[in-house]
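Some notes on the structure that comes next.
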Amino acid sequence: MRRSSDPRPEIADESAWWRDAVFYQVYVRSFADSDSDGVGDLDGVRSRLGYLELLGVDALWLTPFYPSPMADHGYDVADPRDVDPLFGDLAAFDRLVAQAHEHDIRVTVDLVPNHTSDRHEWFRAALRSAPGSHERERYFFRDGRGHAGEQPPNNWTSVFGGPAWTRVPDGQWYLHLFAPEQPDLNWEHPDVPADLARTLRFWLDRGVDGFRVDVAHGMAKPRGLPDMDPRAAVPGVLHDNAVDPRFDNDAVHEVHRMIRKVVDEYPGRMAIGEVWVKEDERFARYVRPDELHLGFNFRLVQAPFDADAVRAAVEHSLAAVQPHGTPPTWTLSNHDVTRHVTRYGGGSLGVRRARAMALVQLALPGVVYLYNGEELGLPNVELPDWALQDPTWLRSGRTERGRDGCRVPLPWEGDAPPFGFTAGAGTWLPQPGDWAGLTVESQLEDPGSVLSFYRQALELRRSHGAISGDEVEWYGAPAGCFAFRRKGGGLICALNTSGGPVPLPPGEVLLSSGPMDDNRLPPDTAVWLV
Ligand code: GLC
Ligand code: MG
């Protein structure tokens with residue numbers, strides 16, 4: 001992080017545009033549908049660029065749109081250098097990038113280097129080949145343990161539940177840390193990094209501004225594939241390499257150095273890694289100056305709506321990037337977690353708290369990632385069993401409901417499903433019937449809506465020092481509250497998670513997340529002051 005005494009280059013350093021950018025995650029399946037099949041697609045995204053500009057975001061992260069059998073909705077990639085017909089084609093992608101740039105919005109895409117689809121040509125070739133063949137070396141094929149090799153080679157579990165190994169007809173097993181349709185690549189095989197470099201250049205040449213690296217703490221596996229501590233197999237936690245050899249192995253940093261080298265051949269491009277790693281020092285390694293430009297940090301996702309917990313999350317996040325001067329990143333929701341309106345209690349309370357946390361997130365130094373629909377205050381959806389599609393649901397023997405509830409298609413306009421998401425009859429996941437008040441159209445007209453609030457906050461963030469003050473200074477605050485300012489920036493942000501109103505810090509209110517109570521900050525509310 002820059003010292004506050006450093007001379008402040010005004011934003012002029014365009015080559016590091018991401019350092020304080022607001023990214024908007026487009027879950028492509030669920031954003032907007034252009035061809036009436038009920039599934040969002042690239043032309044759908046393009047048709048809504050005007051909205052994204054109005055909202056005021058700087059860049060998009062598009063979730064995978066590559067050819068895929070969709071066992072994990074595109075995170076099972078069969079060909080990383082093409083577009084699945086469900087989402088469009090390469091021409092549609094080029095149109096989207098060109099028009100996004102005209103709207104001054106940058107475009108980043110997902111990379112999935114830990115695994116491929118089981119329909120990828122390499123895996124098909126591996127299945128056709130004999131044990132020990134070159135083709136099998138690109139993945140992890142092993143003999144089993146026990147009588148006739150009937151037990152998996154080790155005790156690793158899949159993140160989606162069940163064993164991380166699947167047996168093939170000739171008796172060998174292959175490794176998949178996710179679904180069986182997502183075999184893990186062997187990063188020690190030279191074809192694997194060579195192919196990723198080719199994929200990077202393919203999209204960089206087409207004009208993308210950067211990448212989001214899926215499972216950036218995956219890829220490298222320890223020699224001998226030692227057993228894991230079974231207690232580490234809790235889903236949704238930050239991984240601890242001390243007990244879990246599946247993730248965060250040291251050799252992964254070679255991969256990130258390679259990615260960085262290629263990306264840096266193209267000025268002004270960036271990469272952010274998905275890093276579910278527990279220890280700050282282990283996290284820090286991913287954002288060394290010759291590795292990823294940014295690391296996703298999930299501390300805010302994991303923190304309850306409680307000032308002490310949020311402050312601890314902020315301090316950990318800052319500590320983890322501080323050694324290398326890397327900007328921190330702030331995320332409240334994404335396509336893998338329960339939407340935060342629901343995490344914070346749901347209903348109007350959840351929305352009130354979500355608005356408060358938006359002000360916290362947007363006042364912090366560094367980079368913000370918004371997940372599509374959070375600017376509308378969307379809750380997680382309780383879907384009926386028949387609608388669920390997530391591999392977590394299918395592989396847990398239908399006990400874990402999985403991630404579909406945060407992936408329901410966005411409501412754009414009108415009084416009833418499909419709310420303008422598609423001109424077709426249905427949507428790939430059913431939308432609740434009562435979302436008419438949450439549509440983009442209805443919220444744009446209402447100055448008190450969550451959407452209008454986000455637009456205001458994003459605009460003020462731009463005009464009030466999004467670019468100044470990389471360090472956070474905390475003030476004394478009543479129990480259940482905090483207040484901070486970015487050193488060198490003017491704005492103070494105060495949050496109240498205590499049960500009752502508290503006195504406001506001195507200053508003029510620039511924006512509040514909810515109605516104010518004279519000179520007091522009401523509970524479940526945050527405020528920006530100057
Ligand atoms: C990442 C993605 C998630 C996907 C998994 C396997 O965690 O965010 O959606 O299922 O990787 O690729
Ligand atoms: Mg479509």
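Whatever order the structure lists ligands and atoms in, that order sets their numbers, starting from 1. We're numbering straight along the sequence, starting at 1.
D336 OD1, 2.7 Å is the protein heavy atom nearest to atom 9 (O) of ligand 1. Protein heavy atom in closest approach to atom 4 (C) of ligand 1: D72 OD2, 3.3 Å. F178 CE2, 3.8 Å is the protein heavy atom nearest to atom 5 (C) of ligand 1.
In E254, the CD atom is not crowded: 12 or fewer heavy atoms of neighbouring residues, nucleotides or ligands sit closer than 6.0 Å.
Close approach of ligand 1 to R212 (heavy-atom distance below 4.0 Å) involves ligand atoms 2 (C), 8 (O). The atoms of ligand 1 that sit less than 4.0 Å from any heavy atom of R403 are 3 (C), 4 (C), 9 (O), 10 (O). Within ligand 1, the atoms closer than 4.0 Å to a non-hydrogen atom of Q182 are 6 (C), 12 (O), numbered from 1 in the order shown. The atoms of ligand 1 that sit less than 4.0 Å from any heavy atom of H115 are 6 (C), 12 (O).
With sequence neighbours left out, Y139 forms a side chain to side chain donor-acceptor pair (under 3.5 Å) with T116. Applying the side chain to side chain donor-acceptor pair (under 3.5 Å) criterion to Q172, with sequence neighbours excluded, gives R136, D143. In this structure, N334 has no side chain to side chain donor-acceptor pair (under 3.5 Å) partners at least two apart in sequence or on a different chain.
A donor-acceptor contact shorter than 3.5 Å links the side chain of D33 to the backbone of S36. In this structure, the side chain of E374 engages the main chain of Y371 through a donor-acceptor pair within 3.5 Å.
Annotation: cation-pi geometry not satisfied between R81 and W203 (NZ/CZ under 6.0 angstrom from ring centroid, within 45° of ring axis). W165 does not carry R142 over the face of its six-membered ring by the limits of under 6.0 Å from the centre and within 45° of the normal. In this structure, R246 is not positioned above the aromatic face of W156 in the sense of NZ or CZ being under 6.0 Å from the six-membered ring centre and within 45° of the axis.
At a heavy-atom cutoff of 4.0 Å, ligand 1 is contacted by the side chain of F160 but not by its backbone. Residue H73 does not touch ligand 1, judged by heavy-atom distances below 4.0 Å.
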List the steps, then state whether salt bridge (charged side-chain N to carboxylate O under 4.0 Å, His left out) holds for D94 with R206. CA-CA 7 Å; D94 293 342; R206 295 197 104 87; 2.9 Å; yes
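When L177, D214, V215 are checked for heavy-atom proximity to atom 2 (C) of ligand 1, D214 turns out nearest. The residue from H335, R407, E274 that puts a heavy atom closest to atom 7 (O) of ligand 1 is E274.
Using a 4.0 Å cut-off between charged nitrogen and carboxylate oxygen, D191 and R138 count as a salt-bridge pair. Ionic pairing of D250 and R282 is present here: one or more N-O contacts between side-chain nitrogen and carboxylate oxygen are shorter than 4.0 angstrom.
Inspection of the environment of the Mg ion (ligand 2) yields the following protein N, O or S atoms under 2.8 Å: D33 OD1, D35 OD1, D37 OD1, V39 O, D41 OD2.
At a 4.0 Å cut-off, not a single heavy atom of W276 sits close enough to ligand 1 to count as contact.
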